Amino acid sequence: MLEWESMTERTIFHKILDKEIPADIVYEDDEVLAFKDIHPKATTHLLFIPKHFIVSIADVTPETAHIPGMLILKAQKFAKEKGIDGYKLTFHVGKGGGQEVMYLHLHFLSEQKM
Ligand code: AMP
């Protein structure tokens with residue numbers, strides 16, 4: 001059983017990943033989906049989510065420690081391809097850290113346009 005199948009409710013990001021609800025997807029491959037944040041806090045505000053579900057950085061284990069790094073590399077490659085050379089990458093961790101969606105995601109914020 002996948003981790004999320006034991007949860008009572010799937011998050012909005014599960015539904016975006018499964019294409020049950022629309023999102024402005026800017027990149028997808030076997031490991032990651034990236035889409036525009038619906039309430040952008042910068043000129044370019046994207047969210048990178050792994051296809052392997054993890055709740056947050058607080059739940060990363062030695063077995064899944066490669067996943068946050070993978071998200072960072074995908075964001076780095078995406079930025080290079082779009083000619084963006086200045087950006088911020090952020091993980092919100094837990095409710096106290098401002099995390100509202102309990103599905104690991106990397107915020108990509110830049111004042112440069114894609
Ligand atoms: P966090 O506070 O780190 O959990 O960030 C969640 C982010 O998801 C927020 O910046 C929201 O604006 C964004 N968000 C919520 N629902 C959607 C959606 N349906 N499509 C795109 N972004 C969303």
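Worth knowing before you read on, the calculation uses all heavy atoms, side chains too, and leaves out hydrogens, waters and symmetry mates. Whatever order the structure lists them in is the order used to number ligands and atoms, beginning at 1. Predicted model only: the values in this text are computed from it and were never measured.
For Lys15, the side chain to side chain contact (heavy atoms under 4.5 Å, CB included) partners at least two apart in sequence or on another chain are Arg10, Glu20, Ile21.
Counting only residues at least two apart or in different chains, salt bridge (Lys or Arg N to Asp or Glu O under 4.0 Å) contacts with residues 59-78 comprise Asp29-Lys74, Glu31-Lys74, Lys77-Glu81. Sorted by first and then second residue, the ring-ring contact (aromatic ring centres under 6.0 Å, His included) pairs involving residues 93-114 (not counting sequence neighbours) are Phe13-His105, His14-Tyr103, His45-His107, Phe53-Tyr103, Tyr87-Phe108, His92-His107, His105-His107.
A donor-acceptor contact shorter than 3.5 Å is absent between the side chain of Gln76 and the backbone of Leu71.
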Original post:
What's the verdict on salt bridge (charged side-chain N to carboxylate O under 4.0 Å, His left out) for Lys19 and Glu28, showing C-alpha distance, side-chain angles and the deciding distance?
Top reply: CA-CA 12 Å; Lys19 313 283 163 64; Glu28 181 169 15; 3.0 Å; yes
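With a 6.0 Å radius and a threshold of 12 heavy atoms from other residues, nucleotides or ligands, Lys41 has its NZ atom above the threshold.
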Between the protein and ligand 1, which nitrogen or oxygen pairs come in under 3.5 Å, and how far apart is each?
from: ligand 1; atom 1: 2 (O); to: His92; atom 2: ND1; distance (Å): 3.4
from: ligand 1; atom 1: 2 (O); to: Gly98; atom 2: O; distance (Å): 2.8
from: ligand 1; atom 1: 2 (O); to: Glu100; atom 2: N; distance (Å): 3.4
from: ligand 1; atom 1: 3 (O); to: His92; atom 2: ND1; distance (Å): 2.7
from: ligand 1; atom 1: 3 (O); to: His105; atom 2: NE2; distance (Å): 2.7
from: ligand 1; atom 1: 3 (O); to: His107; atom 2: NE2; distance (Å): 2.8
from: ligand 1; atom 1: 4 (O); to: Glu100; atom 2: N; distance (Å): 2.6
from: ligand 1; atom 1: 4 (O); to: Val101; atom 2: N; distance (Å): 2.9
from: ligand 1; atom 1: 4 (O); to: His105; atom 2: NE2; distance (Å): 3.1
from: ligand 1; atom 1: 5 (O); to: His105; atom 2: NE2; distance (Å): 3.1
from: ligand 1; atom 1: 5 (O); to: His107; atom 2: NE2; distance (Å): 3.3
from: ligand 1; atom 1: 10 (O); to: Asp37; atom 2: OD1; distance (Å): 3.3
from: ligand 1; atom 1: 10 (O); to: Asp37; atom 2: OD2; distance (Å): 2.5
from: ligand 1; atom 1: 10 (O); to: Lys41; atom 2: NZ; distance (Å): 3.4
from: ligand 1; atom 1: 12 (O); to: Asp37; atom 2: OD1; distance (Å): 2.5
from: ligand 1; atom 1: 22 (N); to: Ile38; atom 2: N; distance (Å): 3.1

